[in-house]
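One structure is given here, and the rest of the page talks about it.
The figures here come from the full heavy-atom set of this structure, side chains too, leaving out hydrogens, waters and symmetry mates. Please read these numbers as outputs of a predicted model, since none were measured by experiment. Just so you know, residue 1 is the first one in the sequence shown, and it goes up from there.
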Amino acid sequence: QVQLVESGGGLVQAGGSLRLACAASGRTFSSYAMGWFRQTPGKDSELVAADDRSGGSTYYADSVKGRFTISRDNARTTVFLQMNRLKPEDTAVYYCAARSLFGLGLRATDYDYWGQGTQVTVSS
């Protein structure tokens, strides 16, 4: 069982940066692949970024490539999403998710555990 708690959301102007953190409980954090999703009202959740657990492979949605970076600190059992050059269309609730299987999870159904979400609002 893994519990995930996101932090770092907030209000930022377009062009600014935010760093989201997702703290995971449990000693086996390094055995989980992680992903960041986002959701806006009336839309399906969108996978923003993911890693495969080993750090050897990562995935980024086309809309965030070159602006967002996923990273992890296994010692701190935390995964981060660095978001730079933010745009108003990045406004959403961001969720982190953990997947017990190795490899990139590209769908929400690939993940076993979810955080409660953190709101990111980018003003124009």
(request) For G105 and A50, work out which heavy atoms get closest and say how close. (result) O-CB, 4.0 Å

(request) Working to the nearest 0.5 Å, report the span between OH of Y32 and CG of L4. (result) 9.5 Å

(message) Salt bridge check, R99 against D112: does any charged N sit closer than 4.0 Å to a carboxylate O?
(response) no

(message) Using a 3.5 Å distance criterion without hydrogens, assess whether the side chain of D52 forms a donor-acceptor pair with backbone atoms of S57.
(response) yes

(request) First locate atom CG of D90, then atom CZ of R85, and finally report the distance between them rounded to the nearest 0.5 Å. (result) 10.5 Å

(request) Could you check if a side-chain atom of L106 sits within less than 4.5 angstrom of a side-chain atom of Y59, using non-hydrogen atoms only? (result) yes

(message) Are the side chains of L18 and V120 in contact, using a 4.5 Å heavy-atom criterion?
(response) yes

(message) Using 0.5 Å steps for rounding, measure from the CG atom of L47 to the CZ atom of R107.
(response) 11.5 Å

(request) Specify the closest pair of heavy atoms between E46 and S63, including all atoms of both residues, with the distance to one decimal. (result) OE2-OG, 3.4 Å

(request) Could you list the residues that satisfy side chain to side chain donor-acceptor pair (under 3.5 Å) with S124, not counting sequence neighbours? (result) none

(request) Using a 4.5 Å cut-off on heavy atoms from C-beta on, say whether the side chain of W36 contacts that of C22. (result) yes

(request) Mind checking the OG-CG spacing from S123 to L11? Nearest 0.5 Å is all I need. (result) 5.0 Å

(message) I want to check something: taking the side chain as every heavy atom from C-beta on, are V5 and Q116 in contact at a cut-off of under 4.5 Å?
(response) yes

(message) Closer than 3.5 angstrom, by distance alone: can the side chain of S30 be matched with the main-chain N or O of N74 as a donor-acceptor pair?
(response) no

(request) Give the minimum heavy-atom separation between A92 and T40, together with the two atoms involved. (result) CB-CG2, 3.6 Å

(request) Would you indicate whether the side-chain heavy atoms of Y60 and R67 approach each other to under 4.5 Å? (result) no

(message) Using 0.5 Å steps for rounding, measure from the OG atom of S45 to the CZ atom of R38.
(response) 11.5 Å

(message) Tell me whether T91 contacts the main-chain N or O of E89 through its side chain, where contact means a donor paired with an acceptor under 3.5 Å.
(response) no

(request) Please examine the side chains of Y113 and Q1, heavy atoms only from C-beta on, and report whether any two atoms are closer than 4.5 Å. (result) yes

(request) Grab the two heavy atoms, one from A108 and one from W114, that are nearest each other, plus how far apart they are. (result) O-CZ2, 3.4 Å

(message) Could you report the tightest heavy-atom contact between M83 and Y94, atom names first, then the distance?
(response) SD-CE2, 3.9 Å

(request) Decide yes or no on side chain to side chain contact (heavy atoms under 4.5 Å, CB included) for S71 and Q82, but give the supporting numbers first. (result) CA-CA 8 Å; S71 63; Q82 178 67 45; over 6 Å; no

(request) Report yes if some heavy atom in the side chain of F29 is under 4.5 Å from a heavy atom in the side chain of T78; otherwise report no. (result) no

(message) Tell me whether S25 contacts the main-chain N or O of Q3 through its side chain, where contact means a donor paired with an acceptor under 3.5 Å.
(response) yes

(message) Are the side chains of E6 and Y95 in contact, using a 4.5 Å heavy-atom criterion?
(response) yes

(message) Suppose we screen for side chain to side chain donor-acceptor pair (under 3.5 Å). Which residues come up paired with D62, at least two apart in sequence or across chains?
(response) K65

(message) Checking Y111 now: which residues fulfil ring-ring contact (aromatic ring centres under 6.0 Å, His included) with it, not counting sequence neighbours?
(response) F37

(request) Pick out which of D73, I70, L20 makes a side-chain contact (heavy atoms from CB on, under 4.5 Å) with F80. (result) D73

(message) So, taking the atom named CG in L81 and the one named CZ in F68, what distance separates them when rounded to the nearest 0.5 Å?
(response) 6.0 Å

